[in-house]
Amino acid sequence: MSNIVEEIATATNQLTGVGAPFELVEQQRNGIAYKVYKNAPATVRESLAVGRAHGDALFVQFQGDSWSFKRFFAEVDAIAYQLVHEYKLKKGDRVAIAMRNYPEWMSIYAAVISLGTVVVPLNSWGNKDDLVYGVQDCGASVVFCDQQRYNYLSDELENLQTKAVVVRADEAISNDRAVSFETLVGDLLKENANLPEFDSYAFDITADDAAMILYTSGTTGRPKGALSFHSNIVQVLVNFDFHATLSAMTNSKIIEKMMTGPFPSKSLLAVPLFHVSGLYAQFLLSLRGGRSIYIMYKWNPDEALQLIQDERITNLGGAPSMVLDVLDHPEFDNTDT
């Protein structure tokens with residue numbers, strides 16, 4: 001054990017010292033001293049923009065849909081443009097997301113947080129009362145929702161003084177405070193659409209600006225909205241990168257085996273994007289790192305095992321019970337994992 005501790009300590013010092021890629025410095029925020037990564041991007045917009053360089057590489061798959069990084073960012077830009085020009089949103093306005101895991105969930109999140117508005121991922125597993133409370137509590141100007149969540153909210157939109165955008169709508173929308181996602185951005189996603197450069201309509205943002213409200217139920221009573229600033233989120237993402245690099249330095253043989261495998265990195269996403277396990281550990285890190293994601297509609301160990309084989313999944317993240325579902329499956333030994 002002492003050798004492992006010494007190796008980790010040595011590698012940490014090499015990575016975080018003066019002039020190193022993950023150099024740590026002390027920074028004062030609200031009168032409190034923190035150690036932060038000196039070379040971290042200032043904002044989430046800057047952090048996620050590196051994903052644009054991955055171009056035509058595969059990013060996300062869902063039930064027959066396959067999106068490249070280029071396709072993903074085209075939708076990000078279209079959403080952000082409409083939030084400014086159609087909904088007249090201002091810097092710091094709240095935009096909620098209330099839907100199950102879809103590729104659009106990801107593009108909406110990236111658009112809202114990169115624009116300079118505040119993204120509010122809401123728990124899509126709650127009932128109508130939970131959802132209405134969340135939209136009201138955060139003061140959302142716009143809520144992006146799927147059909148089920150829209151059905152919960154449609155009669156409440158006037159009282160909430162919010163507008164809804166319905167993703168993958170399968171019913172006609174008659175409410176004058178709601179439109180379909182296709183109506184909102186469809187024309188902007190056509191090949192001949194002449195959309196301005198993102199920076200021309202995005203708001204000026206800094207590390208100290210509000211970026212996200214994520215609700216926690218860690219106390220009694222109603223869920224509490226926890227506010228994150230851009231600096232909080234970028235430091236988290238760089239911290240993931242640091243630990244990945246540290247693992248590579250202290251477990252070189254294992255990491256070499258992973259990195260020299262015959263298939264590109266691909267995650268199986270079966271945990272909610274409104275939780276940090278799906279949001280940070282899978283979505284945002286994959287977007288930055290050029291890795292692809294396969295979204296399951298719903299967790300099913302039979303389907304998961306088949307997808308691992310057919311889609312060449314290299315990474316499964318989830319609750320321990322989900323991993324055990326796969327490892328203990330009667331077909332595990334007969335499946336190419």
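When a residue number appears, it is its place in the shown sequence, counting from 1.
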I'd like to know if the side chain of [X] and the backbone of [Y] have a donor-acceptor N/O pair within less than 3.5 Å.
X	Y	result
K266	E311	yes
N101	V271	yes
Q82	L184	yes
R177	T162	yes
E158	D155	no
N334	E331	no
N300	E303	yes
N13	T10	no

Starting from the C-alpha separation in whole Å, work towards a yes-or-no answer on salt bridge (charged side-chain N to carboxylate O under 4.0 Å, His left out) for D137 and R222. CA-CA 10 Å; D137 185 69; R222 290 288 196 178; over 6 Å; no

E156 and Q136: CA distance, side-chain angles, deciding distance, side-chain contact (heavy atoms from CB on, under 4.5 Å) verdict: CA-CA 10 Å; E156 305 289 341; Q136 184 177 46; over 6 Å; no

Do you know the tightest heavy-atom contact between [X] and [Y]?
X	Y	value
A110	F72	CB-CZ, 4.0 Å
S66	L58	CB-CD1, 4.0 Å
R94	C138	CG-O, 3.2 Å
A11	L246	CB-CD1, 3.4 Å
I213	G225	CG2-CA, 3.7 Å
S231	R29	CB-NH2, 3.4 Å

Do [X] and [Y] land in one hydrophobic cluster if side-chain heavy atoms of ILVMFWY residues count as linked below 4.5 Å?
X	Y	value
F332	L268	yes
F242	L287	no
V112	V276	yes
Y215	Y109	no
L153	V120	yes

Minimum side-chain heavy-atom gap [X]-[Y] below 4.5 Å:
X	Y	result
R100	R149	yes
M99	I108	yes
I295	Q63	no
I293	M106	yes
L48	L284	yes
E171	N151	yes
I173	Y150	yes
K128	L131	no

Distance, nearest 0.5 Å, that separates [atom1] of [X] from [atom2] of [Y]:
X	Y	atom1	atom2	answer
L195	L189	CG	CG	8.5 Å
D241	F22	CG	CZ	5.5 Å
M212	I233	CE	CD1	4.0 Å
W105	F144	CH2	CZ	12.5 Å
S154	Q147	OG	CD	9.0 Å
L115	K91	CG	NZ	11.0 Å

[atom1]/[X]: more than 12 non-hydrogen atoms of other groups inside 6.0 Å:
X	atom1	answer
E197	CD	no
L324	CG	yes
Y297	OH	no
D328	CG	yes
K224	NZ	yes

Scan residues 30-43 for pairs that pass side chain to side chain donor-acceptor pair (under 3.5 Å), counting only residues two or more places apart or in two chains.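 Passing the test, one end in residues 30-43: Y37-N239.
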
Using side-chain contact (heavy atoms from CB on, under 4.5 Å), reason through N123 and D130 one step at a time and then give a plain yes or no. CA-CA 8 Å; N123 186 336; D130 296 328; over 6 Å; no

Have a look at I113 and tell me which of V119, V76, I205 forms a side chain to side chain contact (heavy atoms under 4.5 Å, CB included) with it.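 By the side chain to side chain contact (heavy atoms under 4.5 Å, CB included) criterion, I113 pairs with just one of V119, V76, I205: V119.
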
Counting the benzene-type ring for Trp, do Y201 and F198 have ring centres under 6.0 Å apart?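 Between Y201 and F198, the centre distance is under 6.0 Å.
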
Taking the six-membered ring for Trp, are W125 and F274 closer than 6.0 Å centroid to centroid?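 So the answer is yes for these two rings.
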
Just jot down the side chain to side chain donor-acceptor pair (under 3.5 Å) partners of D77, sequence neighbours excluded, or say none.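 If we apply the side chain to side chain donor-acceptor pair (under 3.5 Å) test to D77, skipping adjacent residues, the hits are R52.
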
Only one of R288, Q235, H230 clears side chain to side chain donor-acceptor pair (under 3.5 Å) with S47; which?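 For S47, the side chain to side chain donor-acceptor pair (under 3.5 Å) check succeeds only for R288.
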
Run R168 and D146 through side-chain contact (heavy atoms from CB on, under 4.5 Å) and show every step you take. CA-CA 6 Å; R168 303 197 178 214; D146 56 20; over 6 Å; no

Does the side-chain contact (heavy atoms from CB on, under 4.5 Å) test come out yes or no for E104 and F62, once each step is laid out? CA-CA 10 Å; E104 291 89 348; F62 176 75; over 6 Å; no

Could you label the plane-to-plane angle of the F59 and F283 rings as parallel, tilted or perpendicular, counting under 30° as parallel and over 60° as perpendicular?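 Aromatic pair F59/F283 classed tilted.
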
